[in-house]
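One structure is given below, encoded as structure tokens.
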Amino acid sequence: MVNVVDQTQGVREDARVTDITRLLLEARRSLASELDADLGERGYPDLRPGHAALFLSVDRRSGSRLTDLAEQTRLTKQAMMSMVDDLENRGYVRRVPDPGDARAKLVRLTAHGRRAAAECRRAVQALEQRTRRSLGDRSYDALREALELLSEPIEPFED
């Protein structure tokens, strides 16, 4: 009698991992492209989806510290600083002294930035509504819940 070992099991599991990673990346690209086009149609062709994340994170009343924005958007401080520099040069945000800490600066939206932030908010809401309609309420809610779980840091596995 010959024992046959199925060596394709590991390959199939690897393909599923690659497959879900590829699918998540493709979905992200597709949604970002749609948001990018929508922002262009709304009169902001120079804004990108990453800018929308910043605009939606800035405290509209008092402004936000760069480190807080980096944490909320899950970017490095260096990447956030570069984005703020770019948006400041284009008149969307400005840095002002933090009244609570003389060493720190707050990022605040300019009038132009507040208008852009409002359009970003509308564009993101429209994208979420289209996605919900496309998937249906139940699938949309399940997807959102799964993505929130996947976004959390993974705990190390202990034996």
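Note that the structure is predicted; figures quoted are calculated from it, not measured.
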Worksheet item: Please walk me through it: do Leu35 and Arg48 pass side-chain contact (heavy atoms from CB on, under 4.5 Å)?
Response: CA-CA 8 Å; Leu35 182 57; Arg48 299 290 165 255; over 6 Å; no
Worksheet item: Should Tyr44 and Tyr92 be marked as a side-chain contact (heavy atoms from CB on, under 4.5 Å) after you check the CA-CA gap, both sets of side-chain angles, and the distance that decides it?
Response: CA-CA 11 Å; Tyr44 295 93; Tyr92 287 102; 3.5 Å; yes
Discussion item. Run Glu148 and Arg144 through side-chain contact (heavy atoms from CB on, under 4.5 Å) and show every step you take.
Written reply: CA-CA 6 Å; Glu148 286 172 359; Arg144 186 171 182 97; 3.5 Å; yes
Practice prompt. Please report the C-alpha distance between Val107 and Asp68 in whole Å, then the side-chain angles of each, then the deciding distance to 0.1 Å, and finally whether the side-chain contact (heavy atoms from CB on, under 4.5 Å) criterion is met.
Written response: CA-CA 10 Å; Val107 176; Asp68 294 335; over 6 Å; no
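Heavy atoms of other residues, nucleotides or ligands lying less than 6.0 angstrom from CD of Glu145 number 12 at most. For Glu128, the CD atom is densely surrounded, since the number of other residues' heavy atoms within 6.0 Å is greater than 12. More than 12 heavy atoms of other residues, nucleotides or ligands sit less than 6.0 Å from atom CZ of Arg130.
Under the 4.5 Å side-chain heavy-atom criterion for grouping Ile, Leu, Val, Met, Phe, Trp and Tyr, Leu47 is connected to Leu56 within one hydrophobic cluster. Both Leu147 and Tyr140 are part of a single hydrophobic cluster, where members link through side-chain heavy atoms under 4.5 Å apart. Note on Leu24: it clusters hydrophobically with Leu143, by side-chain heavy-atom contacts below 4.5 Å among ILVMFWY residues.
A donor-acceptor contact shorter than 3.5 Å is absent between the side chain of Arg65 and the backbone of Asp98. Put simply, the side chain of Ser57 never gets that close to the backbone of Leu69: no donor and acceptor are under 3.5 Å apart. Not a single donor-acceptor pair under 3.5 Å links the side chain of Asp36 to the backbone N or O of Ala32. Without hydrogens or angle criteria, Thr73 side chain to Ala53 main chain gives no donor-acceptor distance under 3.5 Å.
Here the CG-NZ distance, from Leu66 to Lys77, works out to 9.0 Å after rounding to the nearest 0.5 Å. Note: Leu54 CG to Asp86 CG = 10.5 Å, rounded to the nearest 0.5 Å.
Taking the side-chain contact (heavy atoms from CB on, under 4.5 Å) definition, one finds that Ser30 meets it with nothing, sequence neighbours left out.
Remark: Arg61 does not engage Asp59 in a salt bridge, criterion side-chain N to carboxylate O under 4.0 Å.
What you find for Leu135 and Ser139 is that their closest heavy atoms are O-CB, 3.3 Å.
Between Met81 and Thr76 there is no side-chain heavy-atom pair separated by less than 4.5 Å. No side-chain heavy atom of Ser64 sits under 4.5 Å from any side-chain heavy atom of Gln72. For the pair Glu34/Asp38, no side-chain contact is recorded, criterion being any heavy-atom separation below 4.5 Å from C-beta on.
Under the side-chain contact (heavy atoms from CB on, under 4.5 Å) rule, Met80 has a single partner from Leu75, Asp85, Thr67, which is Leu75.
Applying the salt bridge (Lys or Arg N to Asp or Glu O under 4.0 Å) test to every pair with at least one member in residues 107-118, sequence neighbours left out, gives no pairs at all.
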Check: residues 116-127 side-chain donor-acceptor pairs under 3.5 Å, at least two apart:
residue : atom : partner : partner atom : Å
Glu119  : OE1  : Arg42   : NH1          : 3.0
Glu119  : OE2  : Arg122  : NH1          : 2.7

